[in-house]
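Sequence lines set the chain letters: A, B, ... in the order given, protein chains first and strands last, and positions in each chain run from 1.
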Amino acid sequence: MAARFNPLEADAHWQKIWEDRGTFHASDSSSRPRSYVLEMFPYPSGRIHMGHVRNYTMGDVLARYRRMNGFEVLHPMGWDAFGMPAENAAMEKKVHPGDWTWSNIDTMRAQLKRLGFALDWSRELATCDPSYYGHEQALFLDLFAADLVYRKQSEVNWDPVDMTVLANEQVIDGRGWRSGAPVERRKLSQWFLKITDFAEELLDGLDDLDQWPDKVRLMQENWIGRSQGLRFRFDLDSPVDGIASFDVFTTRPDTIFGASFAAVAPDHPIATALAGHDPALAAFIAECRQSGTTAAELETAEKKGFDTGFRVRHPFDAGWTLPLYVANFVLMDYGTGAIFGCPAHDQRDLDFARKYGLPVTRVVAADPEEAAEPIGEEAYVGPGRLVNSRFLDGLVAEEGIREVIARAEAEGWGDGTIVWRLRDWGVSRQRYWGTPIPIVHCDKCGAVPVPRDQLPVVLPEDVDFATPGNPLDRHPTWSKIDCPQCGAAARRETDTLDTFVDSSWYFIRFASQPKDAPFDRAEAERWLPVNQYIGGVEHAILHLLYARFWTRALKRIGLIDIEEPFSGLFTQGMVTHETYRAADGRWVSPDEVERRDGRLVVAATGEPVETGRIEKMSKSKRNTVDPEPIVDQYGADAVRWFMLSDSPPERDLEWSEAGIQGSWRFVQRIWRLVSEQAERGASSWLGGEGEAGAGAEAERALTRRLHRAIAAAGANIESLAFNKAVANLYELATAIEKAPPSPARSEAVETMVRLAAPMVPHLAEQAWALLGKEGLIADAAWPEADPALLVEDEVTIAVQVNGKLRDTVSAPKGSSREDLEALALASDNVARILDGKPPRKVIVVPDRLVNLVA
RNA sequence: GCCCCCGUGGCGGAAUUGGUAGACGCGCUCGACUCAAAAUCGAGUUCCGCAAGGAGUGCCGGUUCGACUCCGGCCGGGGGCACCA
């Protein structure tokens, strides 16, 4: 009787051998074709969770598969190690963010190693290490020198209690997510990266990313938000503080004769100037500032405006003037911060016009009769021809747009232009645990870069988190420095970089990590771009857009000749679990719940538990399952197998006890097949049972199934359809189990082990050794499918009458249409249904079906 | 509001270009082994029907010899963006 597979022994044994032999080290000098497989590196929050396990298992299967296919594979791992949780831990637990982070890294590294991932640990990096962020500072200065970095006053969300800037995501219902204090808007000097300079190429570049999910490309496209239209000048009837005109932007210049007002944003320079003479307007602007920015507030916010009393001249008619408003729904940071209002064909403008009694003139009509019809409570935004529009009458929108732009350009009061939704990337964070911005502020010289030989600018260790705010600001000495340019007393920048900067180039550093430079260009270019990048869809916009931008920026300044960092992208689904709630509404963790008499109860107290929705594993819902004890119990391979089974990788995977047990059974099933064969010995099938003819036929059938499995599993892994590859292996295992011992069966077992190797590598190594094979299966080649064995010589033909299946018949592959038709007509079922009448029409799809139309 | 995706057995899901719907797994049922249980193995498992047969991929309609697949319209679920001019 064969012993069970013991993962506890096998996992550790093979992991040590892989490590000792450096099996997964990527060689920079290899002559093999290269493949760079990368999963988004984790934030070291404390422990590995199931989402990590799923993500890294997928990448690992692909990395191992590519290795078996002859590629030199780069599959590295590191840590996205800067960020706020470390500072929160520092405040709550009185530990230094660095100590907390590094100890988490140690824990999580050990957990990852326990799963047997084929990673090149020699390239491990952590973004909080000065040997990483120092190079980042150098790159920042390169971008600064190239004028891709600038500093400007900008409005931020300010938490007055924690005394820090909050990202938009950290503002919940207008309050700071930690302090709960109402968030204020403040103007602060912030560093920006000129991502808008790259808007066009970032948008155009999406077209070439054909191995990215359409969804992600679309999200980026919307985020970049290209709008084409006309930017034109409105002249004021009388100047304000020397300002005689201002620009507006519109995508619908064809509706220019429907204009009934002009409006500027509350923080538009004109509004500011006018407010200087008008206390009531100043009060209105102050009121606009007060109002919240959350989605809910915007939804219900009333359109409000302030009539300045000034008027602007219509560009096509100097005698026609429009009232100038300051309006709360006009945004300073989109377009020009000023609009013309065309109430008939824009709902917001219509709401505004009705409220302030402004004229509403229809200028688009679906058909000519409608030209005189008034607009009701809904703006008309549909197609049609222009009406009431002088020389534009009769034109469709596109023609009208072209005509107005042409005239504006000819007459010199406007230009056809493109406006982007994308804003420059604000990277300043008033936090300690991040990359220090390598700039010195000097009263005389302004912002001066830290000299290269003084990099890295290292974070001070002796910081205090007892008081809110940025510890770097409060540090007694750290920021004090002499100006590198003039030598006068100056001050270090105390803001640190957004952690998204850290993750915008780590994939380059993985590919090449010299000591004295961020990367070696030639070395990096040999590995990049990443062939397959795998991570959560939550990074579809920010991280992936920033990384694309950073790479293009490095290319523009001549540091690397790569445009797109990730040629293939895959976004995997989440790991979910049922949620449980006790009667008092508190969430109950799965390991406190047990089934008693068919009902779920809290194991300790027996109180009943209600089953809630299946949701993403999260601490707040208490529905997480810690991978580590599961790995201890079932071994790495069963967990990996489960992560790949059932759910398509892009969809959510529901964790279940039954599922992991099923995976465990499969691991043992493979092991049983292998160990039975090993016990039987390579020659015991000789003088086998049954008639030779039937045996040979069965062997051929098994071999064909084997080769179909090789082809299918390979194709499925290649396309990341792991759940289908899993099904291929189940099918093959069943076919082998049913076959009597034979050389073909022995061959099938050995090959099956190779097919399973990327997914269950420890089991595969152990089986490989047990079968007496030389070397590691990790180094073995992926089996080759023989094309001749992929085709059946006998095919099953579906026989339909009027498209309904009535029978199936067997025929030699490649049978003629006539033969197939004859076979179909010979079927009893068909004869009965046709009832002696000949079919009116016969459709034959060779090797597939015959459809008889009665 | 705008944009996108998805609806297939009790459950997760399969199904090249339209061509035998339900592969594979989970669960369940029955059986074998066992004093018994666990483990394992075998058979079955879309629904209705004893059967012959019929129905069936969210709903309604269309195209087609033939539709899970293509088109139009609904309903339901999920995601992204959102006062974007």
Rounded [atom1] spacing from [N] to [M] in Å:
| N | M | atom1 | result |
| --- | --- | --- | --- |
| B:rU69 | B:rA37 | C1' | 49 Å |
| B:rC81 | B:rU29 | P | 46 Å |
| B:rU16 | B:rG42 | C1' | 35 Å |
| B:rG9 | B:rU45 | C1' | 10 Å |
| B:rA39 | B:rC33 | C1' | 11 Å |
| B:rC60 | B:rG76 | C1' | 15 Å |
| B:rC65 | B:rG1 | P | 41 Å |
| B:rG13 | B:rC75 | C1' | 24 Å |

Inset, instruction - Applying side chain to side chain contact (heavy atoms under 4.5 Å, CB included), name anything that partners A:I195, two or more places apart in sequence or on another chain. - result: A:L202, A:L422, A:D424, A:W425, A:L545, A:Y546, A:F549
Legend entry - Position toward the 5' end of RNA chain B (nearest nucleotide), A:T734 or A:A338: A:T734
Inset, instruction - Would you mind telling me which residue lines up with the more 5' stretch of RNA chain B, A:R348 or A:N829, judged by nearest nucleotide? - result: A:N829
Give one of base, sugar-phosphate or nothing for [X], where a contact means two heavy atoms less than 4.0 Å apart.
| X | answer |
| --- | --- |
| A:V537 | nothing |
| A:R806 | sugar-phosphate |
| A:D346 | nothing |
| A:V845 | base |
| A:R832 | sugar-phosphate |
| A:S663 | nothing |
| A:N723 | sugar-phosphate |

Legend entry - A:W664: partners by side chain to side chain donor-acceptor pair (under 3.5 Å), with sequence neighbours left out: none
Inset, instruction - Could you pull out all residues at least two apart from A:Q211 that satisfy side chain to side chain donor-acceptor pair (under 3.5 Å)? - result: none
Inset, instruction - Take A:Y634 and A:W641 through the ring pair (Phe, Tyr, Trp, His ring centres under 6.0 Å) test and state the conclusion after the steps. - result: CA-CA 11 Å; A:Y634 296 97; A:W641 186 256; over 10 Å; no
Inset, instruction - Using a 90° cut-off around 0 for syn, call B:rG9 syn or anti. - result: syn
Legend entry - Residues in salt bridge (charged side-chain N to carboxylate O under 4.0 Å, His left out) contact with A:E657, at least two apart in sequence or another chain: none
Inset, instruction - Check salt bridge (charged side-chain N to carboxylate O under 4.0 Å, His left out) between A:K621 and all other residues, then give those that pass, not counting sequence neighbours. - result: A:E615
Inset, instruction - Toss me the dot-bracket line for RNA chain B: Watson-Crick and G-U wobble, both under 3.5 Å, 5' to 3', using | for pairs to another strand and [ ] for crossers. - result: (((((((..(((......[....)))((((((.......))))))(((....)))..(((((..]....))))))))))))....
Which nucleotide sits closest to the side chain of [X]: [options]?
| X | options | answer |
| --- | --- | --- |
| A:R669 | B:rC83, B:rC24, B:rC41 | B:rC41 |
| A:T251 | B:rC84, B:rA85, B:rC83 | B:rA85 |
| A:T796 | B:rU20, B:rC65, B:rA55 | B:rU20 |

Given atom [atom1] of [X] and atom [atom2] of [N], what is their separation to the nearest angstrom?
| X | N | atom1 | atom2 | answer |
| --- | --- | --- | --- | --- |
| A:Y730 | B:rG25 | OH | C1' | 6 Å |
| A:F340 | B:rA85 | CZ | P | 12 Å |
| A:I541 | B:rA82 | CD1 | C1' | 12 Å |
| A:E650 | B:rG79 | CD | P | 16 Å |
| A:L324 | B:rA85 | CG | P | 21 Å |
| A:F329 | B:rA85 | CZ | C1' | 9 Å |

Inset, instruction - Check the pair A:F329, A:F352 against ring pair (Phe, Tyr, Trp, His ring centres under 6.0 Å), reporting the backbone distance first and the verdict last. - result: CA-CA 10 Å; A:F329 67 91; A:F352 190 82; 5.5 Å; yes
Legend entry - Contact pattern, 5' to 3', of nucleotides 43-49 of chain B - B, S or - by protein heavy atom under 4.0 Å: -------
Inset, instruction - Starting at the 5' end of nucleotides 3-12 of chain B, put B wherever the base has a protein heavy atom under 4.0 Å, S where only the sugar-phosphate does, and a dash everywhere else. - result: SS-------B
Legend entry - Distance-only donor-acceptor check, side chains A:T734 and A:R669, under 3.5 Å: yes
Legend entry - Where at least one partner belongs to residues 214-228 of chain A, residue pairs that pass salt bridge (charged side-chain N to carboxylate O under 4.0 Å, His left out), sequence neighbours excluded: A:D214-A:R217
Please write out the pairs of protein N or O atoms and N or O atoms of nucleotides 15-18 of chain B separated by less than 3.5 Å, giving the distance to one decimal.
unit_1, atom_1, unit_2, atom_2, d
B:rA15, OP1, A:K724, NZ, 2.7

Legend entry - Electrostatic pair A:E731:A:R708 at N-O distance under 4.0 angstrom: no
Enclosure of [X] [atom1] (heavy-atom neighbours >12, cutoff 6.0 Å):
| X | atom1 | answer |
| --- | --- | --- |
| A:D207 | CG | yes |
| A:R705 | CZ | no |
| A:K616 | NZ | no |

Are any protein N/O atoms closer than 3.5 Å to N/O atoms in nucleotides 27-30 of chain B? If there are, list each pair with its distance.
unit_1, atom_1, unit_2, atom_2, d
B:rG27, OP2, A:R665, NH2, 3.3

Inset, instruction - Check whether any side-chain heavy atom of A:I405 lies under 4.5 Å from a side-chain heavy atom of A:P253, and answer yes or no. - result: yes
Show me the donor-acceptor pairs, under 3.5 Å and distance only, between side chains in residues 335-347 of chain A and residues at least two apart or in other chains.
unit_1, atom_1, unit_2, atom_2, d
A:T336, OG1, A:D247, O, 2.8
A:T336, OG1, A:A338, N, 3.4
A:T336, OG1, A:A338, O, 3.3
A:H345, ND1, A:Y380, O, 2.7
A:H345, NE2, A:V363, N, 2.9
A:H345, NE2, A:V364, N, 3.1
A:D346, OD1, A:R348, N, 2.9
A:D346, OD1, A:D349, N, 3.0
A:D346, OD2, A:R348, NH2, 3.1
A:Q347, OE1, A:A379, N, 2.9
A:Q347, NE2, A:D351, OD1, 3.2
A:Q347, NE2, A:E377, O, 3.2

Inset, instruction - Kindly compute the distance separating OG (A:S827) from CD1 (A:I797), expressed to the nearest 0.5 Å. - result: 13.0 Å
Inset, instruction - For side-chain contact (heavy atoms from CB on, under 4.5 Å), just list the numbers for A:L569 and A:L209, CA-CA rounded to whole Å, side-chain angles, deciding distance to a tenth of an Å, and then say yes or no. - result: CA-CA 9 Å; A:L569 173 71; A:L209 295 175; over 6 Å; no
